[in-house]
Amino acid sequence: MKIALQVASRSTCNRKHIGAVIVRDKTILSTGYNGSIRGLAHCDEIGHLMENDHCVRTVHAESNAIAQAAKNGVTINKAEIYITASPCWTCFKLLANSGIIRVIYGEFYRDNRIFEAAQEAGIELKFLPLHSSEVNM
């Protein structure tokens, strides 16, 4: 989780700094943080693009970690992910369909649907509290 916290420090959306690290057999496979589409301006440069109280300019950390693995040809099937905050519903679905079997998160973020879906899908969810002084939330 400390590595996920460090990855979160690279976030380019100041509304919430989130970091994700995908791991299997104690080996880091991929990382991601929330930031804009590759090559486009970031929130901290031109501001937020808000819809329904969410910034939609950014790609979430979990999605970026999955995309980085795919881009580099790294399989993440049967891996686990450490995330500084629980995944949103969309990211949870991506994680499940990517073969992630365990999600360790540092704080709860908004969506209770992940708990029932995880149980039905056989995905372990584990809360591992963050220390508020370690990352800008």
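Computed from a predicted model, the values in this text were never measured in an experiment.
A single hydrophobic cluster is seen to contain both Trp89 and Ile123, as judged by linkage of ILVMFWY side chains at heavy-atom distances under 4.5 Å, directly or through other members. A chain of hydrophobic side-chain contacts below 4.5 Å, direct or via other Ile, Leu, Val, Met, Phe, Trp or Tyr residues, connects Leu29 to Leu94. Ile101 and Val21 are assigned to two separate hydrophobic clusters, defined by single-linkage of ILVMFWY side chains at heavy-atom distances under 4.5 Å. Under the 4.5 Å side-chain heavy-atom criterion for Ile, Leu, Val, Met, Phe, Trp and Tyr, Leu125 and Ile22 are members of the same hydrophobic cluster.
Listed here is the closest heavy atom pair of Asn77 and Gly99: OD1-CA, 3.5 Å. When all heavy atoms are compared, the tightest approach of Val7 to Gly19 is CG1-CA, 4.1 Å. Across all their heavy atoms, Asn64 and Gly32 have their closest contact at CB-CA, 4.1 Å. Scanning both residues, Val103 and Pro87, for their nearest heavy atoms gives CG1-CD, 4.0 Å. Residue Ile114 comes nearest to Phe92 through the heavy atom pair CG2-CB, 3.6 Å, listed as atom of the first residue, atom of the second, then distance. Of all heavy-atom pairs spanning Ser30 and Ala65, the tightest one is OG-O, 2.6 Å.
Side-chain atoms of Thr12 and Asp44 form no donor-acceptor pair, as typed in the model, at a separation below 3.5 Å.
The side-chain heavy atoms of Ile104 and Met1, taken from C-beta on, include a pair separated by under 4.5 Å. In this structure the side chain of Ile83 reaches within 4.5 angstrom of the side chain of Leu95, judged on heavy atoms. In this structure, Cys88 and Asp111 have side chains that are not in contact, with every pair of non-hydrogen atoms separated by 4.5 Å or more. In this structure the side chain of Arg24 reaches within 4.5 angstrom of the side chain of Thr75, judged on heavy atoms. Arg15 is listed as a side-chain neighbour of Asp53, based on a closest heavy-atom distance under 4.5 Å.
Atom-to-atom distance recorded for Tyr33:OH and Ser11:OG is 8.5 Å, nearest 0.5 angstrom. Here the CD1-CG distance, from Ile18 to Leu5, works out to 10.0 Å after rounding to the nearest 0.5 Å. In this structure, the separation between CZ on Arg110 and NZ on Lys16 is 8.5 Å, given to the nearest 0.5 Å. One finds the CD1 atom of Ile66 at 5.0 Å from the CD1 atom of Ile76 (value rounded to the nearest 0.5 Å). The NE2 atom of His42 sits 12.5 Å away from the CG atom of Asn14 when rounded to the nearest 0.5 Å. Considering SG of Cys91 and CD1 of Ile100, their distance stands at 12.0 Å, rounded to 0.5 Å.
Gln68 CD: more than 12 foreign heavy atoms inside a 6.0 Å radius. Residue Arg10 qualifies as open at atom CZ: its count of foreign heavy atoms under 6.0 Å is 12 or below. Other residues, nucleotides and ligands contribute at most 12 non-hydrogen atoms within 6.0 Å of the CD1 atom of Ile3. Annotation for Glu51: atom CD does not count as buried by contact number, only 12 or fewer foreign heavy atoms lying within 6.0 Å. Around atom CD of Gln119, no more than 12 heavy atoms belonging to other residues, nucleotides or ligands sit under 6.0 Å away.
When each of His48, His60, Arg57 is paired with Cys13, the side chain to side chain contact (heavy atoms under 4.5 Å, CB included) condition holds for His48 and for no other.
Ring pair Tyr105/Phe127 is tilted by interplanar angle, where 30° to 60° counts as tilted.
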